[in-house]
Amino acid sequence: MEREKDAAKKRKLDSSAQDSLYFESYADVTIHEEMLADTVRTDTYRRGIFRAGERIQGKAVLDVGAGTGVLSVFCAQAGARKVYAVEASSIAEQAARVVRLNGLADRVEVIRGTVESAELPEKVDVIVSEWMGYALLHESMLNSVISARDRWLRPGGLILPERAELFVAPINHLVAEERLSFWSTVKGQYGVDMSCMTDFARSCIMNGEISVQPVSVEDVLSHPCRFATLDLHTVTPEQLKRVSGSFCCRCFGSSSLNAFCVWFAVTFPAEDGTQPLVLSTSPFKPETHWKQAVLYLDEPVDVVQDTRVEGSISMFPSEQSSRHICIHVEFTIGEHKQKSKTFSIPDWGQESQ
């Protein structure tokens, strides 16, 4: 526990500064282009909204963090009587233009501001939000959805999506191995031996940062383990202060385990006997803009068929910035002694988008 606190303790930003940095990151077109170009994400939301059409038709909807307004437009197209599209960043101006262009200004109202400060003229029957960040909880937007739920959702109301799950699996991330082995190839290419760079490269690549990148199916060394489930109808801000769970898995065969991979799935409710609709960021599914969260070990560990990999994971807000997630992993691989490591995502000011 003390190790987690030490890793998370850095200079604290006041909450208003954190929020300003966060909202500014959504004022540029690039991030919205990336999200809309993610067809897995956007099509699943569209399907989830239209599948719930009978529960949306003629009802009031609140879109939390509306961005460019695409989900609000989907809800209006699905028959919503009124959609309140709440967006804190300046992209709200563009959302209003999108709404007008699609002839929906009479039913979709764009509200510039945070959902915590927004005042609506009525309770709503449905809340829709694309709140998920890297490793699910980065950016801490789920707290805003909870606030909206507690303030504005009618009893028995619909939340889209309604459940989130977190998964972990050990991996041999070949990209890291290729980057490390690169330094041994320089001599053959240019006649300069740079193999001494390997240890330095390892310290840079396999550090304590949460590395967001795609993981291939071939990299995964075991069946995934679900370690946490969040029910959006009942989860509380207090519970989000630490989302924890345990895992236990057995490796498929001989390999080198150099990282853990974390991903999430969110579920839209089943309607009329249909199966629930799942938006998954698993390495076994088509890639999304969330990719996966890769947590590198300090040193790789050799594993064989049925090597037991077990431990626990805790996810909690950074003390430096509450919108940034930290992940603490305690793990045992085979007969090796238990180890632990804490990972974090850098400040927005340090991130390279």
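Because the structure is a prediction, the values reported are computed rather than measured. In what follows, every heavy atom counts, from backbone to side chain, and hydrogens, waters and symmetry copies are set aside. Positions are given from 1 along the sequence.
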Side-chain touch R202/P300, heavy atoms, less than 4.5 angstrom: yes

Neighbour count >12 (heavy atoms, 6.0 Å) for atom CZ, R154: yes

Please report, to 0.1 Å, the donor-acceptor pairs under 3.5 Å made by any side chain of residues 54-70, with sequence neighbours excluded.
from : atom 1 : to  : atom 2 : distance (Å)
D63  : OD2    : S72 : N      : 3.3
D63  : OD2    : S72 : OG     : 2.7

Close side-chain approach of S195 to K187, heavy-atom, < 4.5 Å: no

Shared hydrophobic cluster for L36 and L279 (ILVMFWY, side-chain gaps under 4.5 Å): yes

Beyond-backbone contact of L158 with D125, side-chain heavy atoms, under 4.5 angstrom: no

same_hphob_cluster(W263, L277) at 4.5 Å side-chain heavy-atom cutoff: no

Among L232, L160, V278, the one residue meeting side chain to side chain contact (heavy atoms under 4.5 Å, CB included) with T267: V278

Stepwise salt bridge (charged side-chain N to carboxylate O under 4.0 Å, His left out) test for R163 and D231: CA-CA 5 Å; R163 187 173 77 250; D231 182 341; over 6 Å; no

Any side-chain heavy-atom pair of M315 and I313 under 4.5 Å: yes

Carboxylate-amine/guanidinium contact E87 R112, below 4.0 Å: no

Heavy-atom side-chain proximity of D38 to W290 below 4.5 angstrom: yes

Geometric class of the H173/Y296 ring pair [parallel <30°, tilted 30-60°, perpendicular >60°]: tilted

Cation-pi check, R46 onto F50 ring (under 6.0 Å, within 45° of axis): yes

Flag side-chain contact, heavy atom, 4.5 Å: L221 against N172: yes

Side chains of E34 and T30 in contact at under 4.5 Å (non-hydrogen atoms): no

Note: E330-K339 ion pair, threshold 4.0 Å (strictly below): no

Q213 versus S211, side-chain donor and acceptor atoms under 3.5 Å: yes

Whether over 12 other heavy atoms sit under 6.0 Å from E33 CD: no

Derivation and outcome, salt bridge (charged side-chain N to carboxylate O under 4.0 Å, His left out), residues R226 and E165: CA-CA 7 Å; R226 181 178 61 190; E165 298 166 293; 2.6 Å; yes

Pair R308 + E335, salt bridge at N-O below 4.0 Å: no

Test of ring centre spacing under 6.0 Å for H328 and F343: no

Q338 atom CD, neighbour heavy-atom count above 12 within 6.0 Å: yes

Any side-chain heavy-atom pair of L297 and F260 under 4.5 Å: yes

